[in-house]
Amino acid sequence: MTPEARIAAAIPILDAVLGGQAAEQALTRWARGSRFAGSRDRAAVRDHVYDALRCRRSFAALGGAETGRGLMIGLLRAGGVAPESLFTGAGYGPEPLTAEEGALPPDLTTLPRGVRLDCPDWLLPDFDAALGDSADEVLARMRQRAPVCLRANARQGREAAARALAAEGIETILADGASFALEVVANAQKIKTSTAYSEGLVELQDLSPQCAVEALPLQDGMRVLDYCAGGGGKTLAMAARADLALTAHDAIPARMKDLPTRAARAGIAVTQADTGALAKMAPFDLVLTDVPCSGTGTWRRGPEAKWTLTPDRLADLLTLQADILDRAAAHVAPGGWLIYMTCSLLSPENRGQIDRFLARNHGFALRHERLFTPLEGGDGFYAAHLSRV
Ligand SMILES: C[S@@+](CC[C@H](N)C(=O)[O-])C[C@H]1O[C@@H](n2cnc3c(N)ncnc32)[C@H](O)[C@@H]1O
């Protein structure tokens with residue numbers, strides 16, 4: 001496909017997303033109906049769509065409309081490319097610009113802060129409260145693509161993993177902050193089909209959760225419950241830290257369906273338990289709650305969440321998080337640990353949630369907390385360690 005054709009392909013996909021369809025679904029539908037598109041074309045169209053969703057407000061302002069066409073015109077202008085050069089109608093490209101679309105775009109620096117930073121206005125005060133002077137820098141970073149990060153299997157070590165990946169054409173560098181983190185700098189699209197991945201030398205995991213798991217007070221022999229295990233990202237990372245008796249639980253057990261395969265690939269044993277079984281298995285030395293959250297820390301990877309989060313949805317999440325904390329706390333052994341994690345940057349989901357939990361539960365004390373921001377390289381992420389006193 002020509003560059004023009006890739007732009008033209010992204011336009012109706014974006015229109016479908018603006019109309020309420022999930023981006024992945026719209027991309028899959030397009031790919032099914034476009035057998036002529038090779039893997040590079042699909043990756044390029046996908047990048048256009050996700051770049052536009054990350055910068056939806058500013059690109060719409062630069063392109064003159066919040067439509068697929070407007071976003072693509074805005075994307076080109078933001079990148080210093082004259083849209084007239086690709087909107088020619090030739091080479092399967094989009095139709096030439098109308099007089100209105102060709103008018104001089106506004107100077108981005110003069111636009112309101114929420115437009116410049118591609119953030120919903122109602123969330124700006126929350127970002128300011130959580131991040132203070134660095135709020136604008138963090139939001140600006142969220143307009144960019146996220147790095148691809150891997151966690152090397154601790155048994156082989158990350159240098160061995162990096163060599164195995166390099167042999168398959170996947171280039172990595174050692175990422176600062178976590179002992180087994182590798183940042184992929186070339187050919188990230190090959191990871192899931194690589195032997196290094198299928199043989200368990202690496203797992204896909206962002207840098208911030210890797211750092212957060214590395215800071216957990218884990219020791220050999222501990223009984224550990226991953227209360228919101230989902231696909232098992234934290235379960236596997238904890239297993240790599242120490243020789244643990246690990247139990248994975250999720251309110252929706254189907255979310256853990258890939259865990260046995262991933263655990264086998266990593267060479268670890270995990271017991272899965274349903275909610276009813278937990279009381280009999282308790283107490284645990286450490287209970288991890290990696291709770292559902294707004295995902296405001298992962299906007300670079302999931303930019304649709306920027307525009308679909310509402311105050312009501314956030315309020316529902318706060319209620320769910322509090323409920324999970326209370327239920328999980330009941331399974332912590334005396335002297336044990338209750339760990340709370342989110343991929344949110346918003347204080348009400350983070351320290352606010354912990355303060356409210358401590359006000360309800362006098363038997364716990366906050367021992368450690370850390371807020372990671374994208375300025376440190378990984379996703380926005382929060383972790384709090386509470387001990388049962
Ligand atoms: C952020 S995701 C977990 C991601 C996972 N820990 C990982 O690293 O791959 C949150 C998970 O919490 C689960 N969940 C939602 N409500 C829950 C509840 N009341 N109790 C336990 N888990 C719940 C969801 O099904 C979801 O899988």
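All residue numbers in this chain count up from 1 along the given sequence. Hydrogens, waters and symmetry mates play no part in the numbers below; they use all other heavy atoms, side chains included. One-based numbering, in listed order, for ligands and for the atoms of each.
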Notebook entry, point to check: Under the salt bridge (Lys or Arg N to Asp or Glu O under 4.0 Å) rule, what pairs show up with a residue in residues 260-270, not counting sequence neighbours?
Noted result: E203-R262, E203-R265
Note to self: Under 6.0 Å between ring centres: does that hold for F372 and Y382?
What the structure shows: no
Note to self: T247 vs V270, test: side-chain contact (heavy atoms from CB on, under 4.5 Å). Steps then yes/no.
What the structure shows: CA-CA 6 Å; T247 301; V270 181; over 6 Å; no
Check: Taking all atoms of both residues into account, what is the closest heavy-atom pair of L216 and M341, and its distance?
Finding: CD2-CE, 4.0 Å
Next item on the list: Please indicate whether R388 has more than 12 foreign heavy atoms, meaning atoms of other residues, nucleotides or ligands, lying under 6.0 Å from its CZ.
Entry: yes
Item checked: Neighbour count >12 (heavy atoms, 6.0 Å) for atom CG, D133 -> no
Identify all pairs of nitrogen or oxygen atoms, one from ligand 1 and one from the protein, separated by less than 3.5 Å, and list them with distances.
residue: ligand 1; atom: 6 (N); partner: C228; partner atom: O; Å: 3.0
residue: ligand 1; atom: 6 (N); partner: A229; partner atom: O; Å: 3.4
residue: ligand 1; atom: 6 (N); partner: D290; partner atom: OD2; Å: 2.7
residue: ligand 1; atom: 8 (O); partner: G233; partner atom: N; Å: 3.4
residue: ligand 1; atom: 8 (O); partner: K234; partner atom: N; Å: 3.2
residue: ligand 1; atom: 8 (O); partner: K234; partner atom: NZ; Å: 2.8
residue: ligand 1; atom: 8 (O); partner: D290; partner atom: OD2; Å: 3.4
residue: ligand 1; atom: 9 (O); partner: G233; partner atom: N; Å: 3.1
residue: ligand 1; atom: 22 (N); partner: A251; partner atom: N; Å: 3.3
residue: ligand 1; atom: 25 (O); partner: D250; partner atom: OD1; Å: 2.6
residue: ligand 1; atom: 25 (O); partner: R255; partner atom: NH1; Å: 2.7
residue: ligand 1; atom: 27 (O); partner: D250; partner atom: OD2; Å: 2.7

